[in-house]
Amino acid sequence: MAVPVSETETYSTDKKTSSNQPVYFSNPTSNKVNVSYHYNPEVSQYHYGALHPMKPFRLMLTDHLVISYKLYEKMDLYSPRRATKEELLEFHSEDYINFLQTITPEKTAKMNDQTLAQFNIGDDCPVFDGMYDYSAIYAGASLDASRKLISGMSDIAINWSGGLHHAKKFEPSGFCYVNDIVLSIINLLRVHPRVMYIDIDLHHGDGVQEAFYTTDRVMTVSFHKYNGEFFPGTGSVDETGIGKGKNYAINVPLRDGIDDESYIRLFKSIMEPLITKFQPTCIVQQCGADSLGYDRLGCFNLNIRAHGECVKFIKSFGIPMLVLGGGGYTPRNVSRLWCYETSVLNDITLDHKIPNYLPTYDWFGPDYSLHPQLEGRIDNKNSKKYLESVKQEVWEQLRYLNHAPSVQMQEIPPDITGLTQDEEDFIRELNEESNRPDQIMKDDARETELMT
């Protein structure tokens, strides 16, 4: 049996006292911002396969922690609808989306290898039951979050089920089937002249970089492991964009074992001048948790507070933010991180001891702490000299950006409501029915006037 968090060897409390102890403390000096939390619980019910490292149930663990810390009291909560096929086609090809809609594990067994290879189906991106629905759910949540930012209903919008940054226009990649990030940025660009994308996942945000490689309206910034071989094999400092997008793709390649102090110092020294020069009107931050120490697929030494410090730093600029999840393959640490970063975005401090009344409490043993020690497993191969050279290369690239690009915005009505065509038709019919009695009364009044 788990020991309640409120008890020690020398001190214990009764049930009534325990149930009334605060689990978070608000920062009295913080500026009030509207934070929204977008989560469809169905997203955690899908399964890539028994041996696959991607575990969607990590999203349920995250939500349980958010609930147990009562963070729902601080946010606007939304249960978003699935993305429609038309919305997915804003970026992805029709052939690919049709394939996602129709493929099943049973059909896969009868398909030839050439067809499966065409859509990059394999060990990383298997076909599993409900694959299309799963993709539509997490993409729908990111689009819903982007609409709340566009409408001004939210200053910060969170979707931990999103952030699947590897998916390409024509195929899946790296456990990602639909690129919800690209779809959200496309939506934000309807009203925002400049959007900055920041990626602190272990892996390079190649799908997002590729989508916006030729435009100066989106600056992509990715901090990741890079040695030319590590997946996805891209992310060199030499990848800077082409055409109008030249120098608007920023890559920060790192080596194994980077620690908290080195990462935070490098992150802040790069991001502050980039934000100052580019002047984004909206920021999308991907918070992949595989950059934490002790991740199943990871090779960094970051603790949860250090990862969260990067989110806190970006929040301090006061620019509207879309905050997304991403990688992360040790579920208990993924959920710890994203719960902590939810508290950071809400300017509140959490008790480091996890509340003991959530149904998945035993997942967080034996310490039941929000902040386990995650550093020290891998030697830090990032020398100060190497990190300084990376920073200088980014600063040199920054010199070529003379000013924030100005954009002549065309009249594109933003999709703020997010209603499907069926929903709009239904509302139109209701409005017509409600207006019908008024019209009848007006007609009767006219007939009476004519008779008199």
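All residue numbers in this chain count up from 1 along the given sequence.
Taking the ring axis of Tyr386 as reference, the NZ or CZ atom of Arg255 stays within 45° of it and closer than 6.0 Å to the ring centre.
The distance between the ring centers of His92 and Phe170 does not fall below 6.0 angstrom. Aromatic ring centres of Tyr37 and Tyr78 lie farther apart than the 6.0 Å criterion allows. Remark: aromatic rings of Phe223 and Phe267 are close, center separation under 6.0 Å. The ring of Tyr132 has its center no closer than 6.0 angstrom to the ring center of Phe99. Ring centers of Tyr39 and Tyr138: at least 6.0 Å apart, outside the cut-off. Close placement of the Trp363 and Phe57 rings is indicated, their centers lying within 6.0 Å of each other. Close placement of the Phe230 and His203 rings is indicated, their centers lying within 6.0 Å of each other.
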Legend entry - Evaluation steps, side-chain hydrogen bond (donor to acceptor under 3.5 Å, both in side chains), between Ser93 and Asp95: CA-CA 6 Å; Ser93 71; Asp95 283 350; 5.8 Å; no

Inset, instruction - Before giving the answer on side-chain hydrogen bond (donor to acceptor under 3.5 Å, both in side chains), spell out for Gln209 and Asn251 the whole-Å C-alpha distance, their side-chain angles and the decisive distance to 0.1 Å. - result: CA-CA 10 Å; Gln209 175 181 286; Asn251 285 295; 2.9 Å; yes

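Here Glu388 does not pair with Lys384 in a salt bridge; the nearest charged N to carboxylate O distance is not below 4.0 Å. Ion pairing between a basic and an acidic side chain is recognised when a charged N comes within 4.0 Å of a carboxylate O; Lys74 and Asp347 show no such pairing.
Of the N and O atoms on the side chains of Asp76 and Ser36, not one donor lies less than 3.5 Å from an acceptor on the other residue. Side chains of Ser146 and Asn187: a donor on one and an acceptor on the other come within 3.5 Å.
No side-chain heavy atom of Asn303 sits under 4.5 Å from any side-chain heavy atom of His371.
None of Thr215, Thr214, Asp216 except one satisfies the side chain to side chain contact (heavy atoms under 4.5 Å, CB included) rule with Lys244; the exception is Asp216.
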